[in-house]
**Q** 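Below you will find the structure I want to go over with you.
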Amino acid sequence: MDPVSKALWYIESHFSEPLSLDSVASVADVSRFHLSRAFSASVGQSVSAYIRGRRLTEAARKLVQGAPDILSLALDAGYGSHEAFSRAFKIQFGMTPEAVRDRAHLSDLKLVEPMRMMQKPISPIKPIRFEDSGALMFAGVNRRYQSSTMAGIPSQWQSFQPHIGHLPEQKGDDAFGICHNFDEESGFDYMCAIEVEGSCDLPKGLSFLRVAPARYAVFQHVGHVASIGATMQQIWNGWLPDSGHRAADAPLFERYNFNFDPATGNGGFEIWIALAP
């Protein structure tokens with residue numbers, strides 16, 4: 001069973017117990033970093049967001065059945081107070097617990113139902129090579145994303161495109177999309193970048209990112225850039241758990257060379273995953 005399926009089973013079967021990213025990752029037999037990336041690629045949200053959504057959904061069901069004690073529901077859902085529960089409930093559903101109980105139905109609420117994953121086999125994928133890299137210096141446009149806001153990445157590339165080929169000390173002709181600074185809610189920084197020789201004066205809005213030396217498994221993504229999620233799922237839920245390797249808690253990046261056509265999104269590119277020693 002792949003790590004995400006293990007995690008989903010554990011979450012559903014230990015619903016009323018304290019759950020953390022570390023405890024779920026331990027059961028899935030991968031690192032917290034690995035599970036965070038695999039879960040987000042497969043489910044579209046973080047482990048904690050899924051757990052929170054599932055618990056609030058079950059609380060909403062009890063409310064429409066007339067549960068009188070909201071504090072008890074709050075405690076069962078892992079909240080220490082009525083106020084904290086109500087705040088999270090309203091963020092999740094756009095209504096207070098009292099309002100849902102009064103109207104006595106779940107229509108129009110964005111419920112988070114149990115997910116059954118990996119009903120179809122994952123298409124196999126293997127690295128095209130392994131690469132040992134020294135320290136790398138990048139310069140580019142950096143923005144913060146959640147899994148729900150990743151649709152903004154293409155426009156970020158559009159804003160960076162005029163800088164490619166025009167920055168001081170540019171090294172090579174390849175462009176890079178670098179994911180880094182991950183958090184437990186599947187938030188991350190994404191940098192549209194080029195490699196540079198060293199520090200230099202940058203135009204306003206650009207910044208540097210130094211990536212430490214690492215060993216990488218390098219994969220080839222074929223097809224349109226919009227289908228990158230399927231390739232990431234193959235890597236995190238297919239090859240990596242069975243490979244004997246463990247992912248390093250480090251930046252991962254896409255490498256675009258002359259084969260990639262930014263006008264159409266076709267041509268393919270490489271995905272570099274840092275491996276733990």
Side-chain angles (χ1 to χ4, degrees), residues 37 41 123-145 150-182 188-236 238-240 243 245 247-248 250-275:
R37 305 275 60 75
S123 301
I125 191 170
K126 292 183 179 180
I128 56 174
R129 67 182 184 276
F130 292 90
E131 186 130 349
D132 293 304
S133 172
L136 301 170
M137 180 70 79
F138 296 98
V141 175
N142 192 79
R143 294 179 184 169
R144 187 78 181 165
Y145 291 95
M150 290 170 58
I153 289 177
S155 65
Q156 180 181 346
W157 273 107
Q158 186 175 357
S159 68
F160 179 63
Q161 195 73 28
H163 297 290
I164 298 177
H166 300 287
L167 291 183
E169 299 192 52
Q170 178 169 333
K171 184 177 179 181
D173 297 321
D174 294 347
F176 298 82
I178 308 167
C179 301
H180 64 108
N181 194 22
F182 301 96
F188 63 97
D189 283 5
Y190 184 88
M191 175 180 270
C192 304
I194 56 170
E195 188 178 359
V196 293
E197 294 284 358
S199 298
C200 55
D201 292 332
L202 293 177
K204 184 178 180 180
L206 272 63
S207 59
F208 290 108
L209 176 66
R210 184 183 184 278
V211 176
R215 180 170 177 78
Y216 294 90
V218 182
F219 300 84
Q220 185 69 39
H221 172 75
V222 297
H224 195 273
V225 64
S227 63
I228 186 175
T231 300
M232 287 295 191
Q233 184 172 325
Q234 291 169 351
I235 295 170
W236 291 104
W239 178 79
L240 196 52
S243 68
H245 296 283
L252 58 94
F253 53 87
E254 308 141 12
R255 182 173 185 169
Y256 299 88
N257 63 19
F258 63 90
N259 290 314
F260 181 75
D261 183 353
T264 65
N266 292 312
F269 51 90
E270 293 179 348
I271 298 173
W272 290 45
I273 304 293
L275 302 176

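From a predicted model like this one, the values you see are computed outputs, not experimental measurements.
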**Q** Looking at CD of Glu195 and NZ of Lys171, how far apart are the two atoms once the value is rounded to the nearest 0.5 Å?
**A** 4.5 Å
**Q** Looking at Gly165, is its backbone amide N or carbonyl O close enough to the side chain of Gln170 to form a donor-acceptor pair, meaning the two atoms are under 3.5 Å apart?
**A** yes
**Q** Restricting to non-hydrogen atoms, name the atom on Phe182 and the atom on Ala250 that form the minimum distance, rounded to 0.1 Å.
**A** CE1-O, 3.9 Å
**Q** Looking at His180 versus Phe138, is the centre-to-centre ring distance below 6.0 Å?
**A** no
**Q** Judged by atom type as modelled, is there a donor-acceptor pair below 3.5 Å linking the side chain of Tyr145 to the main-chain atoms of Gly152?
**A** yes
**Q** Within the 4.5 Å heavy-atom criterion, are Phe219 and Gln234 side-chain neighbours or not?
**A** no
**Q** Which label fits Phe160 and His163: parallel for a plane angle under 30°, tilted from 30 to 60°, or perpendicular past 60°?
**A** tilted
**Q** Take Phe253 and Leu136 through the test side-chain contact (heavy atoms from CB on, under 4.5 Å) and record every step on the way to the result.
**A** CA-CA 12 Å; Phe253 53 87; Leu136 301 170; 4.2 Å; yes
**Q** Identify the heavy atoms of Tyr216 and Pro251 that sit nearest to each other, and give their distance.
**A** CE2-O, 4.3 Å
**Q** Can you give me the closest heavy-atom contact between Gln156 and Ser159, atom names plus distance?
**A** O-OG, 2.7 Å
**Q** Identify each donor-acceptor pair in which a side-chain atom of residues 255-271 lies under 3.5 Å from a protein atom, sequence neighbours left out, and give them as a table.
**A**
from: Arg255; atom 1: NE; to: Asp174; atom 2: OD2; distance (Å): 2.8
from: Arg255; atom 1: NH2; to: Asp174; atom 2: OD2; distance (Å): 3.1
from: Tyr256; atom 1: OH; to: Glu254; atom 2: OE1; distance (Å): 2.6
from: Asn257; atom 1: OD1; to: Asn259; atom 2: N; distance (Å): 2.9
from: Asn257; atom 1: OD1; to: Asn259; atom 2: ND2; distance (Å): 3.4
from: Asp261; atom 1: OD1; to: Ala263; atom 2: N; distance (Å): 2.9
from: Asp261; atom 1: OD2; to: Thr264; atom 2: OG1; distance (Å): 3.3
from: Thr264; atom 1: OG1; to: Asn266; atom 2: N; distance (Å): 3.2
from: Glu270; atom 1: OE1; to: Arg129; atom 2: NH2; distance (Å): 3.0
from: Glu270; atom 1: OE1; to: Trp272; atom 2: NE1; distance (Å): 2.9
from: Glu270; atom 1: OE2; to: Arg129; atom 2: NH1; distance (Å): 2.9
from: Glu270; atom 1: OE2; to: Arg129; atom 2: NH2; distance (Å): 3.2

**Q** Let's go through Ser227 and His221 carefully: what are the C-alpha distance in whole Å and the side-chain angles of both, what is the deciding distance for side-chain contact (heavy atoms from CB on, under 4.5 Å) to 0.1 Å, and is it a yes or a no?
**A** CA-CA 9 Å; Ser227 63; His221 172 75; 3.2 Å; yes
**Q** Is it true that, when you exclude Gln220 itself, more than 12 heavy atoms of the residues, nucleotides or ligands shown sit nearer than 6.0 Å to its CD?
**A** yes
**Q** More than 12 heavy atoms of other residues, nucleotides or ligands under 6.0 Å from CG of Asp173: yes or no?
**A** no
**Q** With a 4.5 Å limit on heavy-atom distance, are the side chains of His245 and Trp239 in contact?
**A** yes
**Q** Looking at side-chain heavy atoms only, is the closest gap between Ile235 and Ile273 below 4.5 Å?
**A** yes
**Q** Quick check for you: to the nearest 0.5 Å, what is the distance between Arg144 atom CZ and Tyr190 atom OH?
**A** 15.0 Å
**Q** Under the side-chain contact (heavy atoms from CB on, under 4.5 Å) criterion, do Asn142 and Asn181 qualify, and how do the steps go?
**A** CA-CA 11 Å; Asn142 192 79; Asn181 194 22; over 6 Å; no
**Q** Looking at Pro213 and Ala135, what are the two nearest heavy atoms and their distance?
**A** CG-N, 3.5 Å
**Q** To the nearest 0.5 Å, what is the distance between CD1 (Ile194) and CG (Leu167)?
**A** 4.0 Å
**Q** Restricting to pairs with a member in residues 201-213, which pass salt bridge (charged side-chain N to carboxylate O under 4.0 Å, His left out), not counting sequence neighbours?
**A** none
**Q** Determine whether Leu252 and Met232 make a side-chain contact, defined as any pair of heavy atoms from C-beta on separated by less than 4.5 Å.
**A** yes
**Q** In Å, rounded to the nearest 0.5 Å, how long is the span from CG of Leu275 to CG of Asp132?
**A** 9.5 Å
**Q** Minimum heavy-atom separation for Val196 to Pro168, with atom names?
**A** CG1-O, 4.0 Å
**Q** Taking the side chain as every heavy atom from C-beta outward, state whether Asp189 and Met191 have any atom pair closer than 4.5 Å.
**A** no
